[in-house]
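Predicted, not measured: the structure shown is a model, and the values here were computed from it. Computed over heavy atoms, backbone and side chain alike; hydrogens, waters and symmetry mates excluded. Lettering follows sequence order; numbering is per chain, from 1.
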There are 2 protein chains.
Amino acid sequence: MQSRTPVGRAGRPRSAAADTAILAATRQALVELGWSKLTLGDVATRAGVAKTTLYRRWAGKNELVVDAVAELFAELELPDRGSLAADIEGVVLQFAAILALPEARSGLMAVVAESTRDEALRARIRASIVEPQKHLVLEGRTRAQTRGELPPETDPDSSARTAELIFDVIAGAVVHRALVSSEPVDMDWSRDFTRLLLNGLTSPPTT
Amino acid sequence: MQSRTPVGRAGRPRSAAADTAILAATRQALVELGWSKLTLGDVATRAGVAKTTLYRRWAGKNELVVDAVAELFAELELPDRGSLAADIEGVVLQFAAILALPEARSGLMAVVAESTRDEALRARIRASIVEPQKHLVLEGRTRAQTRGELPPETDPDSSARTAELIFDVIAGAVVHRALVSSEPVDMDWSRDFTRLLLNGLTSPPTT
DNA sequence: ACGCTTTCGCTACGAGTCGTAGCGTAATGG
DNA sequence: CCATTACGCTACGACTCGTAGCGAAAGCGT
C-alpha cells in the first residue's frame, strides 16, 4: 500500500502484522476521537508500535487514514438479484451500510476535504477507494443489457461518459442523504431512488 | 448568526464590521492555507482583531467556518429559463461555480466531516447552508407543473419525500463529480445529468 | 556461523497551536 | 457620569507535531 517493499532486498523486513495493527488502531481511533482529535502518537500507542514506525511508513495523517478507510470499501460486491432495479437497490444498501460505520463517516469525508488542496492525495483516494468501485456500474449495466432491460451501447465514448455519470449520481446521492441530510438510507429510500434513476422525473410515480 | 445580541442590552455593542472582517479573513485563510492548517490566531491577525474576540463570538473553528462558507451559498437563485431542463442545468452550473471556489471546496467538506461526530454542528450546517437551498427544488417543480412538464402532486407526503430525494440527488451528484471524481462540471455534463434525471436510465439517449 | 543491512522501540527535542485568564481601555445606554 | 459590555493585549500550561539519534532485533547472503 504505502511503500512497496523492494523484494530481494536485504535487511530486516517490515512487520506485516504492524501494518494491520496500525490500520485497525487508526479505525478505532477514528471511532472514538474522530478525525480532528486523532493524533499519530495515539494511534501508535493503540497499535503497540513506536511513533517513529508510523512516520517511516506513512507520510502523514492523510495517507494513513486513506489506507485505513480503503479497507472498509473493499468488500462491495454486486450479486445478481434478477433485475437492474434490484441490483441497484442492493448496492445502494451495501454502500449505506459502510457509511453507517463511524470510522467511514468521519474518515472518508475528512480526507476528501483535505484532498481539495492536495492533488497527490486526491489521486490516492481515487486509486484506492473510488476507482475500484466503478466496475459495479459496468457489471450492472452489462448484466441489464443481457437481460434486455437496457439498450446495447453504440458509441464507446458516450458509454464511458454515461458510466461515470451514473457512478457520480449513485455515490453522490447516497453520501449526501447519509452525511449531509443525515436521514436514513433504508429500503424505502433505496426504492424511491432507484425508481427515479431508472424512470426519471417525468414518468408517473408508479406506486 | 453566532450569538444573537440581546437587543436593548446595555454596554458596548459588538462591532458588526469585525464580524464581516473575520468571516472574510476566514475565507481568505481557507484559500491560502486550507482547513487543516487554518488557525484561529492567524484568522484574527488577518482580520485585525484580537484572538480573544474570535473566541468570544464563535465556539471554535467548526462554527466559524460554517458561517464563513454559508455566505457563499446565499446567492443561489432560480431564474426562469423556460423549461424544467434548462432550469436544472442552470442551477447545476451555479452550484458548480460555487464549488469551484477554493474556500468553498475545502471549507464545506471539512465541516461536513466534522459534523459526523457533532449533532449540533450538523444542525447548524443544515440550517444555514443546506435547508435554504431546498426552495429551489420546490420552485422548480411548481414551475414545471404549471408548464405541464410534470404531473401535479397527489399525496402531500410523497410530494415531500420526492423533493428531498431530488435535492440529495442533484446536490450529491454535483459534489461528487466536482470534489471526488474531480472532473469539470461544465455544460456538457450538466446536460447529460439533466437528461438522466428527467428521462431515467431506461429511455434511449436522445442525441 | 558471521557480517551486512534495514527496521524497530525508545527518548528527547524545538517549534507551533490551543483555549483561557487577567488587565486596562474603549464605547455604548440610562 | 456611571454601570455594563466589548475590545486589544499579554502571558500561560498543556498538548501535538515531525525529526534525530541511539542500541537492539531480525532478516539475507556467503
Side-chain angles (χ1 to χ4, degrees), chain A residues 1-26 29-30 32-65 106 110-111 114 117-118 120-121, chain B residues 1-23 25-26 29-30 32-65 67 106 110-111 114 117-118 120-121:
Chain A
M1 292 294 169
Q2 69 282 10
S3 65
R4 189 56 54 199
T5 307
V7 282
R9 202 77 190 85
R12 175 176 178 175
R14 289 191 168 172
S15 160
D19 259 48
T20 62
I22 290 172
L23 293 177
T26 303
L30 275 176
E32 297 179 15
L33 305 174
W35 162 267
S36 58
K37 295 185 179 176
L38 179 149
T39 71
L40 294 198
D42 185 62
V43 170
T45 305
R46 288 172 190 265
V49 211
K51 189 172 63 163
T52 44
T53 298
L54 262 171
Y55 280 101
R56 287 190 192 100
R57 306 192 181 196
W58 284 277
K61 197 165 152 178
N62 294 337
E63 291 77 10
L64 173 63
V65 172
S106 49
V111 293
E114 290 300 310
R117 297 186 46 80
D118 186 340
L121 182 62
Chain B
M1 295 290 172
Q2 68 284 9
S3 64
R4 189 56 54 199
T5 305
V7 282
R9 202 77 189 84
R12 175 177 177 176
R14 290 192 168 171
S15 162
D19 259 48
T20 61
I22 290 172
L23 292 177
T26 302
L30 275 177
E32 297 179 14
L33 305 174
W35 163 267
S36 57
K37 295 185 179 175
L38 179 149
T39 71
L40 293 196
D42 184 61
V43 170
T45 305
R46 288 171 190 266
V49 221
K51 189 172 62 162
T52 44
T53 299
L54 262 171
Y55 281 100
R56 288 190 191 100
R57 305 191 182 196
W58 283 276
K61 197 165 151 177
N62 294 337
E63 291 76 10
L64 173 63
V65 171
D67 287 1
S106 50
V111 293
E114 289 300 309
R117 300 186 43 82
D118 186 340
L121 182 63

Fill in: Letter per nucleotide, 5' to 3', of nucleotides 5-18 of chain D [B base touched, S only sugar-phosphate touched, - untouched; heavy atoms, 4.0 Å]
BBBBB------SSB
Fill in: Non-hydrogen side-chain atoms of B:Val111 and B:Trp35 separated by less than 4.5 Å
yes
Worksheet item: What is the minimum heavy-atom distance between A:Ser15 and A:Arg57, and which atoms define it?
Response: O-NH1, 3.1 Å
Item to complete: Spell out, as yes or no, whether a donor-acceptor pair under 3.5 Å connects the side chain of A:Thr53 to the backbone of A:Val49.
Response: no
Item to complete: Using the test side chain to side chain contact (heavy atoms under 4.5 Å, CB included), find all partners of B:Arg46 that sit at least two apart in sequence or belong to another chain.
Response: B:Ala25, B:Gln28, B:Ala29, B:Glu32, B:Leu33, B:Asp42
Worksheet item: When rounded to the nearest 0.5 angstrom, what is the spacing between CG in B:Leu54 and CD1 in B:Ile22?
Response: 4.5 Å
Practice prompt. Specify the separation, in whole Å, of atom CG of B:Leu33 and atom C1' of C:dT17.
Written response: 13 Å
